[in-house]
Amino acid sequence: MGKVIISVLGKDAVGIIAKVCTMLSENNVNINDISQTIIQGYFNMMMIADLSASSIKLADLQANLDKIGEEMGVQIKCQREEIFDKMHRI
(Lines give C-alpha, C1' and ligand atoms only; values in the text may rest on other atoms or scores of the structure.)
Protein backbone atom coordinates (compact mmCIF):
# COMPACT_ATOMS: atom_id res chain seq x y z
CA MET A 1 0.00 0.00 0.00
CA GLY A 2 1.20 3.52 -0.73
CA LYS A 3 0.08 6.85 0.63
CA VAL A 4 -3.04 7.69 2.59
CA ILE A 5 -4.74 10.93 3.57
CA ILE A 6 -5.70 11.15 7.25
CA SER A 7 -8.01 13.91 8.42
CA VAL A 8 -8.98 14.78 11.99
CA LEU A 9 -11.80 17.15 12.91
CA GLY A 10 -13.40 18.04 16.23
CA LYS A 11 -13.18 20.07 19.42
CA ASP A 12 -9.60 20.82 20.37
CA ALA A 13 -8.12 18.75 23.19
CA VAL A 14 -4.67 18.06 24.58
CA GLY A 15 -2.92 15.09 22.98
CA ILE A 16 -4.77 14.61 19.68
CA ILE A 17 -1.63 14.91 17.55
CA ALA A 18 0.40 12.85 20.01
CA LYS A 19 -2.06 9.93 20.09
CA VAL A 20 -2.49 9.80 16.31
CA CYS A 21 1.25 10.10 15.62
CA THR A 22 2.16 7.53 18.30
CA MET A 23 -0.22 4.96 16.80
CA LEU A 24 1.18 5.63 13.31
CA SER A 25 4.75 5.29 14.57
CA GLU A 26 3.97 2.03 16.38
CA ASN A 27 2.73 0.64 13.04
CA ASN A 28 5.74 1.89 11.05
CA VAL A 29 3.64 4.44 9.15
CA ASN A 30 5.70 7.44 8.03
CA ILE A 31 4.17 10.94 8.05
CA ASN A 32 5.22 12.75 4.86
CA ASP A 33 3.34 15.98 5.45
CA ILE A 34 1.11 17.43 8.14
CA SER A 35 -0.98 20.55 8.53
CA GLN A 36 -3.11 21.49 11.51
CA THR A 37 -5.07 24.49 12.61
CA ILE A 38 -7.37 25.46 15.44
CA ILE A 39 -10.22 27.84 14.72
CA GLN A 40 -12.32 29.06 17.64
CA GLY A 41 -11.71 25.86 19.58
CA TYR A 42 -12.16 23.46 16.65
CA PHE A 43 -9.20 21.31 15.67
CA ASN A 44 -8.53 20.38 12.04
CA MET A 45 -5.56 18.31 10.90
CA MET A 46 -4.64 16.74 7.59
CA MET A 47 -1.76 14.32 7.06
CA ILE A 48 -0.22 12.52 4.14
CA ALA A 49 1.21 9.25 5.40
CA ASP A 50 3.15 6.47 3.70
CA LEU A 51 2.21 2.87 4.48
CA SER A 52 4.75 1.23 2.16
CA ALA A 53 7.01 0.14 5.07
CA SER A 54 4.08 -0.92 7.24
CA SER A 55 2.37 -4.29 7.44
CA ILE A 56 -0.91 -2.82 8.74
CA LYS A 57 -3.96 -3.15 6.50
CA LEU A 58 -5.98 -0.04 5.69
CA ALA A 59 -9.07 -1.43 7.47
CA ASP A 60 -7.03 -2.06 10.63
CA LEU A 61 -5.47 1.39 10.44
CA GLN A 62 -8.95 2.95 10.19
CA ALA A 63 -10.16 0.85 13.13
CA ASN A 64 -7.24 2.08 15.25
CA LEU A 65 -7.95 5.68 14.19
CA ASP A 66 -11.67 5.22 14.97
CA LYS A 67 -10.77 4.07 18.49
CA ILE A 68 -8.55 7.12 19.04
CA GLY A 69 -11.27 9.36 17.65
CA GLU A 70 -13.85 7.93 20.04
CA GLU A 71 -11.50 8.36 23.00
CA MET A 72 -10.66 11.96 22.04
CA GLY A 73 -14.11 13.04 20.83
CA VAL A 74 -12.94 13.76 17.26
CA GLN A 75 -13.69 12.31 13.85
CA ILE A 76 -10.74 10.67 12.06
CA LYS A 77 -10.93 9.51 8.44
CA CYS A 78 -8.33 7.68 6.38
CA GLN A 79 -8.43 7.26 2.58
CA ARG A 80 -6.01 6.00 -0.01
CA GLU A 81 -4.39 8.95 -1.77
CA GLU A 82 -5.64 8.02 -5.23
CA ILE A 83 -9.26 7.81 -4.04
CA PHE A 84 -8.95 11.12 -2.20
CA ASP A 85 -7.51 12.76 -5.34
CA LYS A 86 -10.32 11.45 -7.55
CA MET A 87 -13.00 12.58 -5.07
CA HIS A 88 -11.57 16.12 -4.89
CA ARG A 89 -10.89 16.84 -8.54
CA ILE A 90 -12.30 20.04 -9.92
Side-chain angles (χ1 to χ4, degrees):
M1 165 119 2
K3 293 181 183 173
V4 293
I5 308 298
I6 300 171
S7 60
V8 182
L9 179 63
K11 285 274 197 183
D12 188 31
V14 173
I16 297 171
I17 297 171
K19 284 198 180 217
V20 172
C21 290
T22 297
M23 187 278 297
L24 294 175
S25 175
E26 289 170 350
N27 288 283
N28 207 32
V29 176
N30 187 46
I31 299 168
N32 292 342
D33 202 355
I34 184 171
S35 174
Q36 65 93 27
T37 187
I38 300 167
I39 301 173
Q40 295 185 5
Y42 289 94
F43 178 84
N44 184 28
M45 178 171 65
M46 186 172 200
M47 300 174 147
I48 299 174
D50 187 355
L51 274 64
S52 59
S54 177
S55 61
I56 193 167
K57 295 180 181 179
L58 185 61
D60 294 333
L61 178 63
Q62 183 64 62
N64 290 345
L65 292 169
D66 286 342
K67 183 178 177 187
I68 293 169
E70 287 175 23
E71 291 171 2
M72 302 293 299
V74 297
Q75 183 179 30
I76 307 177
K77 298 294 179 192
C78 181
Q79 295 179 316
R80 291 188 344 206
E81 182 182 41
E82 59 268 16
I83 292 173
F84 183 88
D85 288 344
K86 288 182 181 180
M87 287 177 54
H88 294 90
R89 277 192 322 210
I90 296 177

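Numbers here simply count residues along the sequence, with the first being 1.
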Measuring only between side-chain heavy atoms, which start at C-beta, is N64 closer than 4.5 Å to I56? yes
For C78 and L65 the tightest heavy-atom approach is CB-CD1, 3.8 Å
Under the salt bridge (Lys or Arg N to Asp or Glu O under 4.0 Å) rule, what pairs show up with a residue in residues 29-38, not counting sequence neighbours? none
Of all residues at least two apart in sequence or in a different chain, which pass the side chain to side chain donor-acceptor pair (under 3.5 Å) check with D66? Q62
Quick one: side chain to side chain contact (heavy atoms under 4.5 Å, CB included) partners of N44, sequence neighbours excluded? L9, T37
Those residues at least two apart in sequence (or on a different chain) that pass side chain to side chain contact (heavy atoms under 4.5 Å, CB included) with K11 are Y42
Identify, with sequence neighbours excluded, every residue that meets side chain to side chain donor-acceptor pair (under 3.5 Å) alongside N30. N32
Can you name the closest pair of heavy atoms from G10 and V74 and give their distance? CA-CG1, 3.9 Å
Might you point out which heavy atoms bring M47 and I31 nearest each other, and give the distance in Å? CE-CD1, 3.6 Å
About how many Å separate CD1 of I38 and CE of M45, when rounded to the nearest 0.5 Å? 10.5 Å
Would you list the atom pairs, donor with acceptor, under 3.5 Å between side chains in residues 14-27 and any protein atom, with sequence neighbours excluded?
unit_1: T22; atom_1: OG1; unit_2: A18; atom_2: O; d: 2.7
unit_1: N27; atom_1: ND2; unit_2: M23; atom_2: O; d: 2.9

